[in-house]
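Okay, so here's the structure we're looking at.
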Protein chains: 2
Amino acid sequence: MAVKNRNATMQDVAALAGVSMMTVSRVLADERKVRQVTQDKVQAAILQLNYKPNMSARSLASSRSRLLAFLYQNSSEGYVGQLLIGALKQCQACGYNLVVGSLDGKEEDFAKVLNGLLERNNIGGIILPPPLSDSTTVLDFLASIDIPVIKISPQKTQHGFSYVCMDESKAAFEMTEYLIKQGHTKIAFIKGPADHSGSHLRYQGFVKALEKHGLALPENYIEKGLFTYRSGFEAAEILLAQKDRPTAIFSCNDDMAAATLSVAQKCNLSVPDQLSVVGFDDAAIATSIWPPLTTVRQPILSMAEKAIDILIRQLEAKNTEADEEMPQKNVLDFDLVMRGTVLPPSAM
Amino acid sequence: MAVKNRNATMQDVAALAGVSMMTVSRVLADERKVRQVTQDKVQAAILQLNYKPNMSARSLASSRSRLLAFLYQNSSEGYVGQLLIGALKQCQACGYNLVVGSLDGKEEDFAKVLNGLLERNNIGGIILPPPLSDSTTVLDFLASIDIPVIKISPQKTQHGFSYVCMDESKAAFEMTEYLIKQGHTKIAFIKGPADHSGSHLRYQGFVKALEKHGLALPENYIEKGLFTYRSGFEAAEILLAQKDRPTAIFSCNDDMAAATLSVAQKCNLSVPDQLSVVGFDDAAIATSIWPPLTTVRQPILSMAEKAIDILIRQLEAKNTEADEEMPQKNVLDFDLVMRGTVLPPSAM
DNA sequence: ACAAATAATGATAGCGCTAACATATTGTGA
DNA sequence: TCACAATATGTTAGCGCTATCATTATTTGT
């Protein structure tokens, strides 16, 4: 297919542009200290030769670590895979590499495992998805060795580390408002476990929406769940056994929403005609059940990308002794994914 | 914590071992052309200094591509994330790097996208998870440029590319036998789509087990599904509406098994007391429903690792002009995961 | 036992890039 | 206008490793 002439080197670019290699190098990195006309010449040469810098040579010469680590636990969740994909892409785009490390043993071994990983690989920064983003053991250790860290969707925001997350409260608020605008007034809520990230925020957003629209919040419309299918099942059974049934149920995550669908079915309630159901997360289960679940999509890919961006910025600030504002907090947008489980309440 | 003395270089190792750097380099790579005593000396020095070779320097000096590409489509599946994790780990262990590329556009653009990716990065080999492992477009293109490729769980095994997979037929056979040994004789089966990898093999294993144990295979116990929750739901409804109901249902994947659980519930059949259900894949949904699903676990991580191993071997064989047996086929072991949806049939 | 073949090891020269400093060019105020 | 600062660009010397070939130690056949 394509003729394989040796890849262009920086030397070629420099020659073609009529400048020294250093200038090319600066155009690639600095941007600041090169005159516009020179930059243009160089860029043109780069384009013409389809020059791509050699990563190995780069990191060898600069001896700067262009290696980040992605630490995870509970690899089974699809969530982690998604994050990983996003992180990997962004790393490539920025000329960084990513190593993955799993922390699955005992909590007391974490420090040892971490130390090994870091020493072996000369890692410059760390990206921490949940639940590690809230592990005191890990966080304490990382704080002690002064390495850039970015947390994804942490619950607690102490430790001074930067993080990215989304506005869960706002998402719950908007989803609830959507239900209200569809005409629902009897909306029940299945809470998540008190200690889980987002659980409280989601409930908060729900309550705020009800208040804004002057709707009541009967205590018997609020049930506690544990984020598991089973707990959602039990909660939904209680909710739907009542005389004055809700016409919509907002479940704090998709697993419990899926369970709610099962209960509705068992009660011969058709979804969405007789009961509307919404979830949160846009997990895999949301589209593998029927009807497909209306839910809130977390911007997982963007989170990962943003996280890498911030991490790299911190790392480079650290290298150049520049002062970077710390910690960085980044709140991303979400999407309401309207699928098949919401309809206006039927006239009963 | 740890004192940060400069990382040991190969020079240090050579000095300590009393040999030249070249010898150290050979110990790290060749192994063959170095005497045992020398190897031992070097290894000892490496250990003592905790020496770790510098990847950048290595690939710069050897100018050999230590870069593999992981191409995927439909990133939404947790499956891909798992594969990616496994592949990444193995790559690191072998001193390789992995870039990920998604092929989500139109089929006719694949070649262009691929070409871009490969040219840009000097990629040495490609790992292809499903469904790309069966994409004629991609396979044809890759065949045309003569690059090492490894397919994961392909349906078709032509194209001469190596692949790794598991013995789906045997897994289905064993799972069915397990059901039979529990005392079940009336076992129904929900098939997958005819064109999907594994769908047929799983059915085949099921049939073989019935035959071995002299059990009948009534036509009304076989239903067709599409691997979706909804299709499983419909299939299960038909299966369970019959007068002479099966006491166990083998569903060709977990989503449909989950749907079967829903139908059972709707029919007031308790699982596993009155109906046993098994699935296939050990997808996320298997443990997010209640009771947790007994199913077949695909060795996804091992598959990815093995795939990388084979790919690297091919690449190195290609570099050294050595003849590697082609194509490599690798069939991995599976696990039967006994959870909560199987019990002996109740005396009715 | 000795030359010839073979195996093990070493010396040298980069791989493609950037850090650090040197130099050339431009701008500034008196 | 000139000294001087500020900015832009070039020069030199490696980063840590491996390819290549030269050299030295070991084996082998007769």
Side-chain angles (χ1 to χ4, degrees), chain A residues 6-43 45-46 49-67 95-97 120-122 124 316 319-321, chain B residues 5-43 45-46 49-67 95-97 120-122 316 319-321:
Chain A
R6 180 180 63 79
N7 279 332
T9 82
M10 186 182 278
Q11 199 151 187
D12 303 331
V13 176
L16 181 60
V19 297
S20 76
M21 279 174 64
M22 235 6 254
T23 302
V24 178
S25 178
R26 273 190 275 257
V27 170
L28 258 43
D30 257 337
E31 301 288 342
R32 276 161 292 197
K33 301 187 174 176
V34 182
R35 248 187 309 177
Q36 195 55 51
V37 281
T38 318
Q39 278 190 42
D40 292 345
K41 271 191 301 184
V42 172
Q43 290 291 6
I46 287 178
L49 295 176
N50 186 31
Y51 165 73
K52 276 283 156 187
N54 178 319
M55 282 314 156
S56 306
R58 252 188 153 172
S59 46
L60 178 58
S62 66
S63 80
R64 205 190 310 164
S65 169
R66 291 177 176 274
L67 235 205
Y96 275 67
N97 277 121
R120 229 186 348 274
N121 296 299
N122 181 26
E316 292 183 344
N319 282 336
T320 59
E321 306 287 320
Chain B
N5 38 3
R6 178 182 63 81
N7 279 333
T9 82
M10 184 182 278
Q11 197 149 192
D12 303 331
V13 176
L16 181 59
V19 298
S20 76
M21 278 174 66
M22 241 358 261
T23 302
V24 177
S25 178
R26 274 191 274 258
V27 170
L28 257 43
D30 257 338
E31 300 287 342
R32 276 162 291 197
K33 302 187 174 176
V34 182
R35 250 187 306 178
Q36 195 56 50
V37 280
T38 318
Q39 277 191 42
D40 293 345
K41 271 191 301 186
V42 172
Q43 289 292 6
I46 288 178
L49 295 175
N50 186 31
Y51 166 72
K52 275 283 154 187
N54 178 318
M55 282 314 156
S56 307
R58 254 188 151 173
S59 46
L60 178 58
S62 66
S63 78
R64 202 187 316 161
S65 169
R66 290 177 176 276
L67 236 204
Y96 275 66
N97 277 120
R120 232 190 342 277
N121 295 299
N122 180 27
E316 292 183 345
N319 281 338
T320 59
E321 306 287 320

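All figures in this text were calculated on a predicted structure; none of them were measured in a lab. Here is the naming used below: chain letters follow the sequence lines, and residue numbers restart at 1 for every chain.
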Could you tell me how far apart Leu60(A) (CG) and dG16(D) (C1') are, to the nearest whole angstrom? 5 Å
Rounding to a whole Å, what distance do you find between Leu28(A):CG and dA19(C):C1'? 16 Å
Figure out the CD/P separation between Gln39(A) and dA8(D), and round it to whole Å. 10 Å
Could you state the interatomic distance from CZ (Arg58(A)) to CE (Met10(A)), rounded to the nearest 0.5 Å? 7.0 Å
Looking only at the side chain of Thr9(A) (C-beta and beyond, no hydrogens), which of the listed nucleotides dC17(D), dC17(C), dT9(D) gets closest? dC17(C)
Spacing of Met22(B) atom CE relative to dA7(C) atom C1', expressed in whole Å: 15 Å
Of Arg35(B) and Ala61(B), the one whose closest nucleotide on DNA chain C sits nearer the 5' end is Arg35(B)
5'-most contact on DNA chain D: Ser20(A) or Met10(B), nearest heavy atom basis? Ser20(A)
Lys33(A) NZ to dT9(D) P, straight-line distance once rounded to whole Å: 12 Å
Interatomic distance where CG belongs to Asn54(A) and P belongs to dG16(C) [whole Å]: 7 Å
Considering only dG16(C), dA19(C), dT9(C), which nucleotide approaches the side chain of Ser62(A) most closely? dA19(C)
Donor-acceptor under 3.5 Å (Ser25(A) side chain, Met21(A) main chain): no
Spatial distance of atom CG (Asp40(A)) from atom CZ (Arg35(A)) [nearest 0.5 Å]: 11.5 Å
Taking only N and O in the side chain of Arg26(A), is any of them less than 4.0 Å away from OP1 or OP2 of dT18(C)? no
dT18(C) phosphate, OP1 or OP2: any side-chain N/O from Arg58(A) under 4.0 angstrom? yes
Answer with base, sugar-phosphate or nothing: what part of the nucleic acid does Thr38(A) contact at a heavy-atom distance below 4.0 Å? sugar-phosphate
In whole angstrom, give the distance that lies between atom CD of Gln36(B) and atom C1' of dT9(C). 16 Å
For dA8(C), does OP1 or OP2 lie under 4.0 Å from any side-chain N or O of Thr23(B)? no
Taking all non-hydrogen atoms of both residues, which atom of Ser20(B) and which atom of Ala14(B) are closest, and how far apart? C-CB, 3.8 Å
Separation of atom NZ in Lys41(A) from atom P in dG10(D), rounded to whole Å: 8 Å
Do Tyr51(A) and Leu28(A) have side chains that approach each other closer than 4.5 Å (heavy atoms only, starting at C-beta)? yes
